[in-house]
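The next block holds one structure in the form of structure tokens; read it before the comments.
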Amino acid sequence: MKTLINPSTKLKSSLDREDYEEILTLKKCCLEIEDVSLKLELDYKLNKALNESIDKDKINEFMFYEDERLIGYMGICQFGSDTLEVNGMVHPDFRRLGVFKRLFSLVRDEWNKRELQQMLLLCDCNSTPGINFIKSTGAHYENSEYEMFLVGEAREGVTIKSLKLRKALNKDAKEIARQNAIYFQVSSLDGNSRLPEEESKQGMDTFLAELNESVIGKVHIEVQNGVGGIYGLGVLPDYRGKGFGRDILMKAVEKLREQQVQQIMLQVAVKNRKALNLYQSCGFKETSTMDYFKLSKI
């Protein structure tokens, strides 16, 4: 373990390319020591910074340096909801020196400046130091999420020819928000719905599933560094149990294959047994588990 001689911090509203590369280097050092998952959303953040204006009064990126070398990072994400998501890391050689504690103190100060009442702290279930730190903040366990990767070729079912995926337009934002409220118990039409055409510029494409031109569900896909991701898949209640979810998933896999991805992954809540069983039956396998802990102001 080293000691801090010339520490400093850098706080920013958004990432630039130099920050991105420094954080990736730090991530690589951490993963060489520990077999854990880090949900940092760096590609999403960089694309967002390059394609839209960021509120300069809000700090989302917290970086800790030792003599100009990045040794600690913590970041805030807010995916159009009323909750912040926070994840971070510290170089293995500089742990137990208060780096993470200092970064979290800065994050908490920023949270207190905002009206948002809740903050989620994310940590791989296998990271004992990370889990212990989060518990020390007073946060309480909320839920867990599997990250799953497709192993081999997807095991397809019966193709439903009348089911089509249509790329969403900005005019579909309210419908997407309505579905998210149904599937994920998040706020619906709050006036701050994310616009799918803007999201597409940042690398996240949204598709509405249509059966005979009637919307019955949706899915989001994204490609980062050769890995295709499938997110937010859902089928409206009246159409469940009829094979539509499986067909939407297979059509999403097909679209990612067209982009020559090397791997395909998705995330699913551990408690969502129906979705988990579907993904397993299609050839996806759990590779890591992310635990979510909640802090509330009230």
Side-chain angles (χ1 to χ4, degrees), residues 9-15 23 26-27 30 34 36-42 44-45 48 54-64 71-91 94-147 177 180-181 183-188 190-192 194 231-232 267-272 288-298:
T9 56
K10 181 167 69 173
L11 314 180
K12 299 181 66 175
S13 58
S14 61
L15 298 179
I23 297 168
L26 175 58
K27 179 181 178 181
C30 293
E34 296 177 295
V36 297
S37 177
L38 291 166
K39 190 178 179 183
L40 303 176
E41 308 291 357
L42 298 180
Y44 174 84
K45 288 184 168 189
K48 186 177 179 69
I54 305 294
D55 188 343
K56 301 299 182 182
D57 293 329
K58 292 183 178 179
I59 304 301
N60 299 302
E61 312 302 332
F62 303 79
M63 290 162 276
F64 194 106
I71 63 168
Y73 168 74
M74 196 171 289
I76 288 176
C77 283
Q78 184 182 351
F79 298 107
S81 69
D82 57 0
T83 302
L84 298 181
E85 290 191 5
V86 178
N87 200 345
M89 57 189 169
V90 175
H91 193 288
F94 293 91
R95 293 175 183 173
R96 299 185 181 180
L97 297 176
V99 174
F100 213 68
K101 184 176 181 180
R102 172 58 178 160
L103 287 173
F104 182 70
S105 175
L106 295 170
V107 168
R108 197 161 195 162
D109 288 344
E110 175 64 24
W111 177 43
N112 287 331
K113 295 175 184 177
R114 306 189 189 187
E115 296 181 357
L116 303 177
Q117 296 300 306
Q118 297 177 333
M119 177 164 61
L120 290 174
L121 307 180
L122 284 59
C123 186
D124 188 293
C125 72
N126 291 321
S127 176
T128 301
I131 297 293
N132 288 340
F133 175 84
I134 289 175
K135 288 181 177 179
S136 75
T137 69
H140 298 282
Y141 174 80
E142 179 73 5
N143 57 57
S144 295
E145 185 178 73
Y146 287 134
E147 185 171 82
N180 282 336
Y183 307 146
F184 310 115
Q185 292 76 54
V186 296
S187 299
S188 181
D190 58 3
N192 295 311
R194 296 158 69 187
Y231 307 98
Q267 295 161 345
V268 59
V270 171
K271 61 184 179 182
N272 190 346
S288 65
T289 305
M290 186 69 66
D291 288 343
Y292 288 70
F293 295 80
K294 181 186 287 186
L295 272 176
S296 299
K297 291 180 180 177
I298 55 175

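Just so you know, these numbers use all the heavy atoms, side chains as well, and skip hydrogens, waters and symmetry mates.
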Item checked: Distance in Å, Cys30 SG paired with His91 NE2, rounded so as to fall on 0.5 Å steps -> 7.0 Å
Next item on the list: Would you give the length of the straight line joining atom CZ of Phe62 to atom CG of Leu11, rounded to the nearest 0.5 angstrom?
Entry: 6.0 Å
Next item on the list: Starting at CZ of Phe104, measure out to CG of Leu295 and round the result to the nearest 0.5 Å.
Entry: 5.0 Å
Item checked: Charged N-O contact under 4.0 Å between Lys294 and Glu142 -> yes
Next item on the list: State whether the number of non-hydrogen atoms from other residues, nucleotides or ligands found under 6.0 Å of Lys10 atom NZ is greater than 12.
Entry: yes
Margin query: Measuring only between side-chain heavy atoms, which start at C-beta, is Arg114 closer than 4.5 Å to Ile76?
Written below: yes
Next item on the list: Indicate yes or no: at least one non-hydrogen side-chain atom of Tyr73 is less than 4.5 angstrom from one of Lys27.
Entry: no
Note to self: How close do Leu122 and Leu120 get, counting heavy atoms only, and between which atoms?
What the structure shows: CD1-O, 3.6 Å
Notebook entry, point to check: Quick one: CZ on Arg108 to CG on Leu121, what's the gap to the nearest 0.5 Å?
Noted result: 8.5 Å
Check: Are any non-hydrogen side-chain atoms of Asn87 and Leu38 less than 4.5 angstrom apart?
Finding: yes
Note to self: Which heavy atom of Lys58 sits nearest to which heavy atom of Glu110, and what is that distance?
What the structure shows: CA-OE2, 3.5 Å
Check: Going through the checks in order, is the side-chain contact (heavy atoms from CB on, under 4.5 Å) test met by Trp111 and Lys297?
Finding: CA-CA 9 Å; Trp111 177 43; Lys297 291 180 180 177; 3.4 Å; yes
Checklist line | Glu147 with Lys39: basic N within carboxylate O range, under 4.0 Å | finding: no
Notebook entry, point to check: With a 4.5 Å heavy-atom cut-off, do Ser14 and Lys48 have their side chains touching?
Noted result: no
Next item on the list: For Asn60 and Ser13, work out which heavy atoms get closest and say how close.
Entry: ND2-O, 3.0 Å
Next item on the list: Answer yes or no: is there a side-chain heavy-atom contact under 4.5 Å between Asp124 and Glu34?
Entry: no
Next item on the list: Determine the minimum heavy-atom distance between Ser144 and Asp291, stating which atoms define it.
Entry: OG-OD1, 2.6 Å
Check: Phe64 versus Leu106: any side-chain heavy-atom pair under 4.5 Å?
Finding: no
Check: If you look at every heavy atom in Ser288 and Ser37, which pair is closest and at what distance?
Finding: OG-CB, 3.6 Å
Checklist line | Student check: side-chain heavy atoms of Gln117 and Ser296 closer than 4.5 Å | finding: no
Next item on the list: Locate the shortest heavy-atom distance separating Leu40 from Met89; write the atom from each residue and the value.
Entry: CD1-CE, 3.7 Å
Check: Does any non-hydrogen side-chain atom of Tyr141 lie less than 4.5 Å from one of Lys135?
Finding: no
Notebook entry, point to check: What is the distance from atom CG of Asn272 to atom OH of Tyr183, rounded to the nearest 0.5 Å?
Noted result: 12.5 Å
Notebook entry, point to check: So how far is it from Thr83 OG1 to Gln118 CD, rounded to the nearest 0.5 Å?
Noted result: 4.5 Å
